[in-house]
2 protein chains.
Amino acid sequence: MQLTDRQKLILTLIIHEHIRTAQPVGSKSLVEKYNLAMSSATVRNEMSALTDYALLRQPHTSAGRVPTEEGYRFFVGNLVQKSGLPTNTRRTITHQFYQSRQDIEQWLRLAASVLANQSQAASLVTAPHAEKAIFKHLELIATRGRQLLMVLVLMGGEIRQQFISLSEPVSQERLSTIAAQISNMCTRCDVEKISRMRFQMDSLGKDILDILIAEMTLIQESTTGEIYLDGMTNVLSEPEFAESDEARQALHILEERSLLESLLASTVMNTDVGGIQVLIGGEGTWQELRQCSIVLARYGDPNTLTGSIGVLGPIRMPYDRTISTVRFVANVLSDLVTETLAV
Amino acid sequence: MQLTDRQKLILTLIIHEHIRTAQPVGSKSLVEKYNLAMSSATVRNEMSALTDYALLRQPHTSAGRVPTEEGYRFFVGNLVQKSGLPTNTRRTITHQFYQSRQDIEQWLRLAASVLANQSQAASLVTAPHAEKAIFKHLELIATRGRQLLMVLVLMGGEIRQQFISLSEPVSQERLSTIAAQISNMCTRCDVEKISRMRFQMDSLGKDILDILIAEMTLIQESTTGEIYLDGMTNVLSEPEFAESDEARQALHILEERSLLESLLASTVMNTDVGGIQVLIGGEGTWQELRQCSIVLARYGDPNTLTGSIGVLGPIRMPYDRTISTVRFVANVLSDLVTETLAV
DNA sequence: TTTTAGCACTCTCAAGGCGAGAGTGCTAAA
DNA sequence: TTTAGCACTCTCGCCTTGAGAGTGCTAAAA
């Protein structure tokens, strides 16, 4: 499909105008609004051609044109100019990150909040997660009676805590010794290696190690880390979600962790860090996202520790700006992660 | 305001019927639906009286009656029978908790999910939080160069992690020694006590301790722990939130952490563990909650470690059932917390 | 005194009709 | 190839209208 420059211009303008107004765009009003050096009839002819290409459609005979999903896809793929964010926006965002607490959780929360505010849509951020769980440190803390708290730190800074009930009370000294022993023995080991060390431990040590192994396996099997959401209410103010049932379906995907995970797994997980993926209208696969688009990116340290970020909004979304924002925030997070978390 | 038994009955039935249908309730249909042993005219007279008491209102002349907020309040305060949850529901819920991982985070997430599903509304759960931060254990883990990871465990199991940049690299051994020293020295101490121990430490130890103190102060100053939400999309399916702007306002309160915190602070924080608080229609104070009701409870170990749970739904909410559910889940969480977390 | 039957009245809601407005496609001229 | 002109189409808001549901009041019945 080869478009003339004029057709590209008109498509771009229609998309811009439609994003602004959420209304079908007519030939005459387009010419007036943008002072085009051609008549509405010419525009009409071009619109007709674009409609033949299935890039535009008419909601009804004799209404203006609206971009189709295909139209948006063409726009995103060929016409969107990678403008980058204005420098003062970049500065504001960077500033927020560097003045927040040095805490990965805060950063992720902040990333979600920034994405939501900048794009006025819903945002999601998953914590960085390693494909392979590598042990770093173990801590055992007696709490009361036979109860103890296990704190497991993985390479890359993932932390898991869990309560354990032992068959009999054990002193804090004994626990500390075991924890130190395991910590020394297993540093930088993966699950398999740790499993092979099991025989070296005494009975209590074996029990602890088993729990540790189970926990590490669990972490390794999960596809993403913790998920942070923000701006869910933003999408409710979009006119296409005025009847809240549409909104419900879309937001439900974010809320239901398993749905979201499989969505991420089948899309952005295959993307390289730095790359951007845009899902428009669910791409035919995701029924619940029929009315939505998602802009996704992957951040982190390729091959070791990565997470996803994304923005969910109406199909009628300012893609250029959203893509720039997502890309920028992904880069900021990548920097923070590689600076502080890397192995 | 003293109501006759018949007036109480009619109020109760109207509320039930309105909750079921979301429609104004008329005298004739009420008599038919519930096979009342009186005529519609009698019901009309009583309705008229209840309207004079401001417990009912007419959306328009000659529509049926709808309960006012005052009507719901009277209902919740006087008429709701504390039925308790059906035993098999209780069993299902308990079962879910005891078969989940022994992890406070999982429990809280599960609690939010159970509340959301049982009540088909939005739910919130805050992590148990101690009024006073009491030190339990510190761990320092070298990551790379001058970076290290500080893991702070408080009495009650609150865990905070933070990255720290030192002025120069320090070996893991040295870090472990310092961590052990601080852990021994400060167990069961509050911020003030720890501050007074500062002089005992060497320069590096002082730096660490300062960060530790800052962190503990921060935790102590925050009014709630981590917040878990679920079922936000449930409220979107209620007919009163069909125009999503109303829904937006209500859900915004949940999403904006600061709003939610001040809401909790001014309500449920003053409630005893085990008590239930019902906010109907924002009680005149919370503009954004005009269309909503919230059922709140406090769980945990009184005076030491408490959190809040709650359900947000439309004013037209099945209060009896919701209250039972919230109370039951609060009890389950209280048990779990006192069993595993208590000091 | 309380309850009920009957009736006139009110108000909403859905359906249908109508005109204004915006947009289109086509044709013929520039 | 572009444009002016024109007939045509479709939506949307507005109005009217009738059905339906509910009310309040009054007078009779219990």
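Below, read A as the first sequence line, B as the second, and so on, with proteins coming before strands; counting in each chain starts at 1. In this text, all values refer to a predicted model and were calculated from it rather than measured experimentally.
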Novice: Can you pull out the residues from residues 26-43 of chain B that lie within a 4.0 Å heavy-atom distance of DNA chain D?
Specialist: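 Hits under 4.0 Å, by residue number: B:Gly26, B:Ser27, B:Ser29.
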Novice: Tell me, for nucleotides 8-17 of chain C in 5' to 3' order, what letter each nucleotide earns: B for a base near a protein heavy atom under 4.0 Å, S for only sugar-phosphate near one, - for neither?
Specialist: --BSS-----
Novice: Applying side-chain contact (heavy atoms from CB on, under 4.5 Å), can you list everything that pairs with A:Gln23, at least two apart in sequence or on another chain?
Specialist: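 By the side-chain contact (heavy atoms from CB on, under 4.5 Å) rule, A:Gln23 matches A:Thr21.
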Novice: Side-chain donor-acceptor pair under 3.5 Å between A:Thr89 and A:Thr92, yes or no?
Specialist: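 There is no such pair between these side chains.
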Novice: What I want to check is whether the side chains of A:Arg298 and A:Gln277 have a donor and an acceptor closer together than 3.5 Å.
Specialist: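 Side chains of A:Arg298 and A:Gln277: no pair found under 3.5 Å.
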Novice: Among residues at least two apart in sequence or on other chains, which ones pass ring pair (Phe, Tyr, Trp, His ring centres under 6.0 Å) with A:Tyr319?
Specialist: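 A:Tyr319 satisfies ring pair (Phe, Tyr, Trp, His ring centres under 6.0 Å) with A:Tyr72 once adjacent residues are dropped.
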Novice: Please work out which residues in residues 44-51 of chain B have a non-hydrogen atom less than 4.0 Å from an atom of DNA chain D and list them by number.
Specialist: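 Of all residues in residues 44-51 of chain B, the ones placing a heavy atom under 4.0 Å from DNA chain D are B:Arg44, B:Met47.
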Novice: Report yes if the side chains of B:His16 and B:Thr12 come closer than 4.5 Å at any heavy-atom pair, otherwise no.
Specialist: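 With C-beta onward as the side chain, the pair touches.
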Novice: In dot-bracket form, how is DNA chain C paired, counting a Watson-Crick or G-U wobble pair only if both its distances are under 3.5 Å and using | for bases paired to another strand?
Specialist: ||||||||||||||||||||||||||||||
Novice: Per the ring-ring contact (aromatic ring centres under 6.0 Å, His included) rule, what does the pair list look like for residues 27-65 of chain B, sequence neighbours excluded?
Specialist: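 The answer is none; no pair qualifies.
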Novice: Between B:Leu251 and B:Leu254, is there a side-chain heavy-atom distance shorter than 4.5 Å?
Specialist: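 In contact.
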Novice: Would one find a side-chain N or O of A:Arg65 under 4.0 angstrom from OP1 or OP2 of C:dG25?
Specialist: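 For C:dG25, OP1 or OP2 has a side-chain N or O of A:Arg65 closer than 4.0 Å.
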Novice: Taking side chain to side chain donor-acceptor pair (under 3.5 Å) as the definition, give me every residue that meets it alongside A:Glu32, ordered by chain and number, with sequence neighbours left out.
Specialist: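 A:Glu32: no side chain to side chain donor-acceptor pair (under 3.5 Å) contacts found.
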Novice: What pairs with A:Glu70 under side chain to side chain donor-acceptor pair (under 3.5 Å), at least two apart in sequence or on another chain?
Specialist: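 Side chain to side chain donor-acceptor pair (under 3.5 Å) list for A:Glu70, sorted by chain: A:Arg73.
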Novice: Could you tell me which non-hydrogen atom of A:Leu115 sits nearest to which non-hydrogen atom of A:Gly310, and how far apart they are?
Specialist: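 Closest approach of A:Leu115 to A:Gly310, heavy atoms only: CD1-O, 3.9 Å.
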Novice: To the nearest Å, give me how far apart CG (B:Leu56) and C1' (D:dG22) are.
Specialist: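 In whole Å, D:dG22 C1' lies 14 Å from B:Leu56 CG.
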Novice: Rounding to an integer number of Å, can you tell me how far A:Gln23 CD sits from C:dG23 P?
Specialist: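 Value for this atom pair: 10 Å.
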Novice: List in chain and number order the residues that pass side chain to side chain donor-acceptor pair (under 3.5 Å) with A:Arg44, two or more places apart in sequence or in another chain; answer none if no residue qualifies.
Specialist: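 Result, side chain to side chain donor-acceptor pair (under 3.5 Å) vs A:Arg44: A:Ser27, A:Ser40.
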Novice: Tell me, please, which residues at least two apart from A:Glu288 pass side-chain contact (heavy atoms from CB on, under 4.5 Å).
Specialist: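 Expected list: A:Gln249, A:Ile253.
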Novice: Applying side chain to side chain donor-acceptor pair (under 3.5 Å), can you list everything that pairs with B:Arg65, at least two apart in sequence or on another chain?
Specialist: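 B:Arg65: side chain to side chain donor-acceptor pair (under 3.5 Å) contacts with B:Thr51.
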